[in-house]
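Bear in mind that the values here come from a model prediction, so they are computed numbers and not experimental data. Residues: numbered from 1 along the sequence shown. Keep in mind that the numbers below use all heavy atoms, side chains included, and drop hydrogens, waters and symmetry copies.
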Amino acid sequence: MSGSPLHGIKKWDPLTSPGTSTHMIIKDLGEIHSRLLDHRPVIQGETRYFVKEFEQYKVPHMGLWGQQEKRGFREMRVLENVKRLTSEANDKTLPRCKEAMQGGLDQALQTLKVANRTLGRLQQRQHQPPTNDPQASEDRLRARCDELVKEQEQWQVAVDEEHKKAMERLREQYARMEKELAKSASF
């Protein structure tokens, strides 16, 4: 047994303790990362479906393709369709998704840079020594208020513009997806 009465008790850390905003942000970032970049569950489901689809035609005495003539080469057509869909996904869908993701990441990076600059200015203001002159404080507050109003107007214009661009990109993307869906629905 240790000589310290606090043996086994962890110190409280406000940045990593449950319930803090930092902890919640880290948790949300983990969820966003897994949704955007972790495709294992989808791939595993597709793999299981593929294996199940072809295991049901296994004939004990004749092997996997024993009754191929009776089924009219249905498996071959299915394989050809899977091959075609896979190549379409690799050639068309994957680059479009990558481009959309890159655009979203660039936008998020710009937003983070702006937030970082804003936080830097806030930290600088926090470390400035307070003055006892009420008139100087009031003038500084008015100047800061005017600055914030201007920043807010600039943000509003930028956000409105980004929203218009995003809506246009989404319209174009969904129009392309509807065309592709109409093409793929024909087979």
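- The line from OG1 of Thr111 to CH2 of Trp155 is 6.5 Å long, rounded to the nearest 0.5 Å.
- Considering only residues two or more places apart in sequence or on other chains, Arg169 meets the side chain to side chain donor-acceptor pair (under 3.5 Å) condition with none of them.
- Partners of Gln152 under the side chain to side chain donor-acceptor pair (under 3.5 Å) rule, at least two apart in sequence or in another chain, do not exist in this structure.
- Met101 and Leu94 fall into different hydrophobic clusters, where Ile, Leu, Val, Met, Phe, Trp and Tyr side chains are chained together by heavy-atom contacts under 4.5 Å.
- Note that CG of Leu85 and CG of Asn90 are 11.0 Å apart. Values are rounded to the nearest 0.5 Å.
- Glu147 and Arg140 are not joined by a salt bridge, as no carboxylate oxygen comes within less than 4.0 angstrom of a charged side-chain nitrogen.
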Report the C-alpha distance between Glu88 and Arg84 in whole Å, list the side-chain angles of each, state the deciding distance to 0.1 Å, and finish with yes or no for salt bridge (Lys or Arg N to Asp or Glu O under 4.0 Å).
CA-CA 6 Å; Glu88 279 182 21; Arg84 185 178 49 77; 3.1 Å; yes
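- There is no path of hydrophobic side-chain contacts, each under 4.5 Å, that joins Leu119 to Leu112.
- Atom CG of Leu105 is separated from atom NZ of Lys98 by 11.5 Å, given to the nearest 0.5 angstrom.
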Applying side-chain contact (heavy atoms from CB on, under 4.5 Å), run through Arg96 and Glu99 and close with a yes or a no.
CA-CA 5 Å; Arg96 272 199 327 263; Glu99 179 182 308; 5.6 Å; no
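- The pair Glu180-Arg176 does not meet the salt-bridge criterion, since no charged nitrogen lies less than 4.0 angstrom from a carboxylate oxygen.
- A salt bridge links Glu168 with Arg171: the distance from a Lys NZ or Arg NE/NH1/NH2 to an Asp or Glu carboxylate oxygen falls below 4.0 Å.
- Val82 approaches Thr86 most closely through the heavy-atom pair O-OG1, 2.7 Å.
- Cluster annotation: Leu148 is not connected to Leu122 through the hydrophobic network of ILVMFWY side chains, with a link wherever side-chain heavy atoms come within less than 4.5 Å.
- In this structure, the side chains of Lys113 and Gln110 come closer than 4.5 Å at one or more pairs of heavy atoms.
- The minimum heavy-atom distance linking Ala89 with Pro95 is given by the pair O-CD, 4.3 Å.
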